[in-house]
Enquirer: 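Got a structure for you, questions after.
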Amino acid sequence: ACSRASQELFADKYAEELQSIMNWMQQEGARNGSDWFNVVDGNRIGLLGHSIGGGVSIIAAANDPRVKAIVAMAPSQTHHPSTKDLMPQMHAPLCIIAADDEDGDVRLQSGPLFDRANYPKTFHQFV
């Protein structure tokens, strides 16, 4: 398993992989004979991710108009690229779900992302 720091170093690569998956789903949704034909609408994609996956979802969605909704569960703040810096570029509705960490302050990790996001957005914190 990779450390959290290692995962964040590869966040841009993970986002590229996610983009490839979205491209494939869009192609399969439009390809006659595919199991996904007329099932997947590649122009209306929703992303859901937890921890580094939540951060990667934000990175992938920042410049992709096909993404229409994001749910990020306890999303990581990545630094290359910076999820915090990308938040103002996102125009899809965002839901952040998080729980208190051992210190009781979930806003340290998820709060700065939420604060920089465009509307519509919602933050759900579990105690």
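These figures come from a predicted structure and were not determined experimentally. Atoms considered below: every heavy atom in the structure, side chains included; atoms not considered: hydrogens, waters and symmetry mates.
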Enquirer: Where is the tightest heavy-atom contact between Q77 and H79, given as atom of each residue plus distance?
Expert: O-NE2, 3.7 Å

Enquirer: Checking one residue: F37. Which other hydrophobic residues are in its cluster under the side-chain 4.5 Å linking rule?
Expert: none

Enquirer: Can you name the nearest heavy-atom pair linking N118 to M87, along with the distance?
Expert: ND2-O, 3.9 Å

Enquirer: Would you say P81 and L86 make side-chain contact, with heavy atoms under 4.5 Å?
Expert: yes

Enquirer: L47 and L94: same hydrophobic cluster, using ILVMFWY side-chain contacts below 4.5 Å?
Expert: yes

Enquirer: Going by salt bridge (Lys or Arg N to Asp or Glu O under 4.0 Å), name the pairs with one or both residues in residues 118-127, residues two or more places apart or in two chains.
Expert: none

Enquirer: Quick check on the hydrophobic clustering: are I45 and M90 connected, directly or via other members, by side-chain heavy-atom contacts under 4.5 Å?
Expert: yes

Enquirer: Hey, could you give me each pair passing salt bridge (Lys or Arg N to Asp or Glu O under 4.0 Å) that has a residue in residues 48-60? Not counting sequence neighbours.
Expert: none

Enquirer: Looking only at heavy atoms, what is the nearest atom pair of P65 and N63, with distance?
Expert: CD-O, 3.7 Å

Enquirer: Show every donor-acceptor pair shorter than 3.5 Å between a side-chain atom in residues 54-62 and any protein atom, with sequence neighbours excluded, or say none if there are none.
Expert:
residue: S57; atom: OG; partner: G53; partner atom: O; Å: 2.9

Enquirer: At what distance, to the nearest 0.5 angstrom, does CD1 of I70 lie from CD1 of I96?
Expert: 9.5 Å

Enquirer: How many angstroms lie between atom CZ of F114 and atom CD of Q125, to the nearest 0.5 angstrom?
Expert: 11.5 Å

Enquirer: Any salt bridge (Lys or Arg N to Asp or Glu O under 4.0 Å) pairs touching residues 89-98, not counting sequence neighbours?
Expert: none

Enquirer: Could I get the full list of side chain to side chain donor-acceptor pair (under 3.5 Å) partners for D41, not counting sequence neighbours?
Expert: none

Enquirer: Show which residues join Y119 in its hydrophobic cluster (side-chain heavy-atom contacts under 4.5 Å, direct or indirect), or state none.
Expert: none

Enquirer: Applying a strict under-4.5 Å side-chain criterion to I, L, V, M, F, W and Y, I'd like to know whether V40 and M22 cluster together.
Expert: no

Enquirer: Under the criterion side chain to side chain donor-acceptor pair (under 3.5 Å), I'd like the reasoning laid out for T78 against H80: C-alpha separation, chi angles, the key distance, then a yes or no.
Expert: CA-CA 6 Å; T78 63; H80 181 70; over 6 Å; no

Enquirer: Could you pull out all residues at least two apart from H50 that satisfy side chain to side chain donor-acceptor pair (under 3.5 Å)?
Expert: none

Enquirer: Given side chains that start at C-beta, do those of P75 and S110 come closer than 4.5 Å, heavy atoms only?
Expert: yes

Enquirer: Can you run down the salt bridge (Lys or Arg N to Asp or Glu O under 4.0 Å) pairs that involve residues 47-60, sequence neighbours left out, and say none if there aren't any?
Expert: none

Enquirer: How would you list, by chain and number, every residue that makes a side chain to side chain contact (heavy atoms under 4.5 Å, CB included) with V71, sequence neighbours excluded?
Expert: L48, M73, C95, I97

Enquirer: Could you tell me the separation between the CD1 atom of I21 and the CD atom of E16, rounded to the nearest 0.5 Å?
Expert: 12.5 Å

Enquirer: Is it true that atom NZ of K84 has more than 12 heavy atoms of other residues, nucleotides or ligands lying nearer than 6.0 Å?
Expert: no

Enquirer: For D85, check side chain to side chain contact (heavy atoms under 4.5 Å, CB included) against everything at least two apart and list the hits.
Expert: S82, R116

Enquirer: For residues 21-32, which residue pairs qualify under side chain to side chain donor-acceptor pair (under 3.5 Å), counting only residues two or more places apart or in two chains?
Expert: N23-R66, Q26-N43, Q26-R66, E28-R31, E28-S34

Enquirer: State, to 0.1 Å, how close A98 and F123 come at their nearest heavy-atom pair, and which atoms those are.
Expert: CB-CZ, 4.4 Å

